[in-house]
Amino acid sequence: MFALVDAVAFYASAEKVFDPSIRFKPVVVLTNNDGCICAICPIARKLNIPKFQPYFKVKNYLEQHNVVVRSSNYELYADLSDRMMTVINRFCDDHYVYSIDESFLRFTGFTKIIDDWADYGQTIRRAVWRETGLPVGVGFGTTPTLAKAANHAAKKLSGYNGVAVINDEHSRQAILTRMDVTDVWGIGSRLGKKLKFMGINTAWELACQNPKAMRRMFSVVVERTVSELNGIACLSWDEVKQNKKEIYSTRSFGERVCDITTLKSALVTHAAIVGRKLRDQHSLAKRIVIFAASSPHEEFYYKKSLLYEFPIPTSDTSVMAKAVSDVINDIFKVNTRFYRCGIGAIELESEIFQQADMFSVSEDKPRMMECLDAINKRYGVGTLSIGSEKLTQTWNMKRAFLSPHYTTRWSDIPIIKCN
DNA sequence: TCTGGGGTCCTAGGACCC
DNA sequence: TCTGGGGTCCTAGGACCC
């Protein structure tokens with residue numbers, strides 16, 4: 001048995017945890033640089049606010065309806081995510097954190113003990129709510145795709161109250177027939193359109209297709225999805241938990257960047273983020289892409305992207321920073337208003353297979369990164385960083401509606417006033 | 001005044017080579 | 001005069017997710 005647990009409108013709910021004054025108001029959270037709307041709380045959802053619309057286009061509408069707007073407070077969300085995952089971790093023997101607000105649970109030893117999954121789901125929900133203040137939905141299913149579907153039902157369909165279980169033919173049919181085909185994990189708007197053209201409108205109708213035929217018409221991915229909807233596991237647990245094959249860090253600037261020093265320091269910061277993520281999953285990058293671009297919305301679009309190959313695969317931030325230095329002059333172009341930039345590690349291999357470098361002089365390099373990670377984990381990201389990250393700080397994000405860092409900064413600790 | 005997210009995986013098609 | 005194959009690597013862009 002699998003379960004998928006995720007938070008209801010995570011960013012928006014996180015904003016409400018330490019701010020009771022907005023708890024019963026419509027709240028939306030914006031993406032980086034206050035660009036688009038990325039989270040809409042259930043109260044705001046009733047106003048039919050479109051997700052991922054540019055903020056400036058719906059600003060008036062939000063004001064008219066007294067919607068509370070918040071910038072992304074990633075520090076707060078990351079910390080609340082940790083807390084939430086720590087609680088969830090108690091409830092299964094195998095836990096995989098899939099994204100900042102979603103995690104898969106697998107029950108092997110537990111299966112014999114638990115006879116009422118719905119009740120168990122409510123126990124998880126209550127524990128997370130009590131200990132973090134975050135509302136979550138819990139979906140159980142015999143495959144990861146069915147657990148995803150049940151989770152959708154738990155949060156979106158009436159009569160489930162936050163927990164849904166697919167563990168027999170009856171429950172499977174009851175949920176899948178009420179689910180739009182585009183709400184199936186892996187079926188997006190594009191595939192959805194084609195499927196609907198073929199008369200396949202619900203998840204149930206998709207499940208009734210011949211998997212082999214789906215493979216011919218679309219891809220192995222759709223074939224797998226059909227099988228999984230029928231309770232046939234195609235994604236092994238190891239596959240679900242697989243390491244990333246590519247790791248990117250990209251960001252748009254709060255203000256356009258026109259000078260090479262600022263661009264370089266931004267790229268080194270991305271190198272640091274990619275390096276940490278590589279080390280987290282014990283991977284090394286053989287090659288990285290380094291890119292910078294102007295805005296695609298402007299008349300003259302400029303984009304330059306370069307491949308950089310390391311003689312020895314690495315996850316060392318300082319080595320990647322050196323790569324940035326090497327190529328920055330080829331990427332930078334004068335009189336260009338840079339809008340975003342980033343770094344992606346695209347060819348990864350496992351640390352286990354690391355070739356010893358015959359000419360290496362600094363044997364302690366990996367330990368230096370270990371030390372850096374440990375300090376940043378303890379005292380916050382950015383406590384220790386590469387010198388060239390700090391060359392300038394002018395490219396910071398635009399975050400006009402930022403809430404306090406309630407849980408990660410002494411100065412931001414919430415105060416309760418008693419009269 | 002001007003403003004438009006971030007991440008991962010996959011594939012079609014072009015460039016280049018022999 | 002006109003026509004002919006197959007592999008690798010790279011890039012851009014599509015598709016999906018939240």
Side-chain angles (χ1 to χ4, degrees), chain A residues 4 6-14 28-40 50-60 69 71-72 74 77-78 81 97-104 137 144-145 148 151-152 155 181-195 218-222 224-225 235 239-240 242-256 270 273-274 277-278 281 283 286-291 293-299 301 303-309 337 339-348 397-401:
Chain A
L4 184 89
D6 75 349
V8 177
F10 179 55
Y11 291 2
S13 297
V28 299
V29 178
L30 307 179
T31 56
N32 284 333
N33 291 318
D34 296 339
C36 298
I37 291 176
C38 70
I40 305 165
K51 220 175 172 184
F52 299 111
Q53 272 288 305
Y55 168 58
F56 71 90
K57 287 188 178 174
V58 288
K59 196 173 168 217
N60 285 338
V69 176
S71 303
S72 278
Y74 190 77
Y77 311 150
S81 172
V97 177
Y98 182 70
S99 73
I100 191 161
D101 78 318
E102 279 178 289
S103 61
F104 277 104
T145 306
K148 259 287 209 191
N151 177 279
H152 176 266
K155 295 192 302 182
V181 71
T182 55
D183 290 327
V184 174
W185 194 25
I187 307 294
S189 63
R190 205 59 187 259
L191 270 172
K193 218 173 198 173
K194 286 182 193 165
L195 289 168
F218 301 102
S219 65
V220 267
V221 183
V222 179
R224 269 208 301 257
T225 302
L235 290 167
E239 280 170 315
V240 174
Q242 221 166 37
N243 275 344
K244 304 270 186 293
K245 295 171 183 167
E246 293 181 348
I247 292 172
Y248 273 83
S249 174
T250 70
R251 209 122 303 171
S252 52
F253 298 114
E255 283 168 27
R256 300 287 190 271
H270 291 303
I273 293 168
V274 169
K277 288 185 176 177
L278 284 167
Q281 67 166 33
S283 292
K286 248 189 254 180
R287 322 168 79 185
I288 57 175
V289 285
I290 304 171
F291 80 90
S294 67
S295 167
H297 304 293
E298 278 174 35
E299 200 180 346
Y301 181 53
K303 182 183 174 187
K304 185 85 179 222
S305 153
L306 288 176
L307 276 174
Y308 192 97
E309 188 159 343
R337 302 173 70 229
Y339 163 70
R340 61 195 238 109
C341 71
I343 285 192
I346 52 167
E347 224 170 286
L348 310 189
M397 276 186 286
K398 192 160 66 184
R399 296 199 288 185
F401 318 104

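It should be emphasised that the depicted structure is a prediction, and the values quoted were computed from it without experimental measurement. The chains referred to below are lettered A, B, ... by the order of the sequence lines, with proteins before strands, and numbering in each begins at 1. All heavy atoms count here, side chains included; hydrogens, waters and symmetry mates do not.
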Item checked: Side-chain donor or acceptor of A/T182 paired with backbone N/O of A/S189 under 3.5 Å -> no

Next item on the list: With heavy atoms under 4.0 Å as the rule, sort A/V274 into base, sugar-phosphate or nothing.
Entry: nothing

Item checked: Any A/R251 side-chain nitrogen or oxygen under 4.0 Å from OP1 or OP2 of B/dG6 -> yes

Check: Taking the inter-plane angle between the rings of A/W185 and A/F104 on a 0 to 90° scale, is it parallel (under 30°), tilted (30 to 60°) or perpendicular (over 60°)?
Finding: tilted

Next item on the list: Calculate the interatomic distance between A/L191 atom CG and B/dC10 atom C1'; express it in whole Å.
Entry: 13 Å

Margin query: Within the 4.0 Å heavy-atom criterion, would you say A/S72 contacts the bases, only the backbone, or no part of the nucleic acid?
Written below: nothing

Next item on the list: Identify the two heavy atoms, one from A/R340 and one from A/T250, that lie closest to each other, and give their separation to 0.1 Å.
Entry: NH1-OG1, 3.7 Å

Check: What is the distance, rounded to the nearest whole Å, between atom CG of A/L4 and atom P of C/dC17?
Finding: 13 Å

Checklist line | 4.5 Å side-chain heavy-atom contact, A/S283 and A/L278 | finding: yes

Notebook entry, point to check: So, is A/S249 close to the B/dG6 phosphate, meaning a side-chain N or O under 4.0 Å from OP1 or OP2?
Noted result: no

Checklist line | Distance test, side-chain N/O of A/T250 to OP1/OP2 of B/dG7, below 4.0 Å | finding: yes

Note to self: Judged by each residue's nearest nucleotide on DNA chain B, which is more toward the 5′ side, A/Y55 or A/Q242?
What the structure shows: A/Y55

Checklist line | Pair pattern of DNA chain B in dot-bracket, where unpaired bases get dots and | marks partners in another strand, Watson-Crick or G-U under 3.5 angstrom | finding: ....||||||||||||||

Margin query: Regarding A/Q53, tell me which of base, sugar-phosphate or nothing describes its non-hydrogen contacts under 4.0 Å with the strands shown.
Written below: nothing

Next item on the list: Measure from the side chain of A/K148, starting at C-beta and using heavy atoms only, and say which of C/dC16, B/dT3, C/dC18 lies closest.
Entry: C/dC18

Next item on the list: Would you mind telling me which of C/dC18, B/dG4, C/dA15 lies closest to the side-chain atoms of A/P54?
Entry: B/dG4

Notebook entry, point to check: Quick check: are there more than 12 heavy atoms from other residues, nucleotides or ligands sitting under 6.0 Å from CZ of A/F401?
Noted result: yes

Next item on the list: Please report, rounded to the nearest Å, how far the P atom of B/dG7 is from the CD atom of A/Q281.
Entry: 14 Å

Item checked: Side-chain touch A/S295/A/Y301, heavy atoms, less than 4.5 angstrom -> no

Item checked: Shortest non-hydrogen contact from A/C341 toward A/F253 -> SG-CZ, 3.6 Å

Note to self: Checking contacts here: which listed nucleotide (B/dT8, C/dC10, B/dG4) is nearest the side-chain heavy atoms of A/Y248?
What the structure shows: B/dT8

Notebook entry, point to check: When the distance from CZ of A/F218 to P of C/dA15 is rounded to whole Å, what number comes out?
Noted result: 12 Å

Next item on the list: Specify the separation, in whole Å, of atom CD1 of A/I346 and atom P of C/dT11.
Entry: 8 Å

Margin query: Would A/F52 count as stacking on C/dC18 if stacking means ring centres less than 5.5 angstrom apart and planes tilted under 30 degrees?
Written below: yes

Notebook entry, point to check: Between A/E239 and A/R224, is there a side-chain N and carboxylate O pair less than 4.0 Å apart?
Noted result: no

Next item on the list: Would you tell me if any nitrogen or oxygen in the side chain of A/R340 comes within less than 4.0 Å of OP1 or OP2 on B/dG4?
Entry: no

Margin query: Just by distance, no angles: are the side chains of A/N32 and A/S72 close enough, under 3.5 Å, to form a donor-acceptor pair?
Written below: no

Check: Picking from C/dC18, B/dG4, C/dC16, which would you name as closest to the side chain of A/K57?
Finding: B/dG4

Next item on the list: Would you indicate which nucleotide in C/dC16, C/dT11, C/dC18 comes nearest to any side-chain atom of A/L307?
Entry: C/dT11

Next item on the list: For A/L30, report the nucleic acid contact type (base, sugar-phosphate, nothing); a contact means any heavy atom under 4.0 Å.
Entry: nothing

Checklist line | Between C/dG4 and B/dC18 - P atom distance, rounded Å | finding: 23 Å

Item checked: Touch class at under 4.0 angstrom, heavy-atom based, for A/I100 against every strand present -> nothing

Item checked: Spacing between A/F253 atom CZ and B/dG4 atom P, to the nearest angstrom -> 13 Å

Next item on the list: Whole angstrom is fine here: how far is it from CD1 in A/I37 over to P in B/dG6?
Entry: 16 Å

Check: For A/K245 and B/dC10, is the shortest distance between a side-chain N/O and OP1 or OP2 below 4.0 Å?
Finding: yes

Check: A/D6 near the nucleic acid: base, sugar-phosphate alone, or nothing, with a heavy-atom cut-off under 4.0 Å?
Finding: nothing

Next item on the list: With DNA chain B as reference, determine whether A/C36 or A/E246 sits nearer its 5' end, using the nearest nucleotide of each.
Entry: A/C36

Note to self: Let's see if you can work this out: which of C/dC18, B/dG4, C/dC10 has an atom nearest to the side-chain heavy atoms of A/R256?
What the structure shows: B/dG4

Check: To the nearest Å, how far apart are A/N151 CG and C/dC17 C1'?
Finding: 14 Å

Notebook entry, point to check: Which atoms form the tightest heavy-atom contact between A/G137 and A/K155, and what is the distance?
Noted result: CA-CG, 3.9 Å

Item checked: A/K277 side-chain N/O to B/dG6 phosphate OP1/OP2 under 4.0 Å -> no

Notebook entry, point to check: Out of B/dC9, C/dC17, C/dA15, which has the shortest distance to the side chain of A/W185?
Noted result: C/dC17

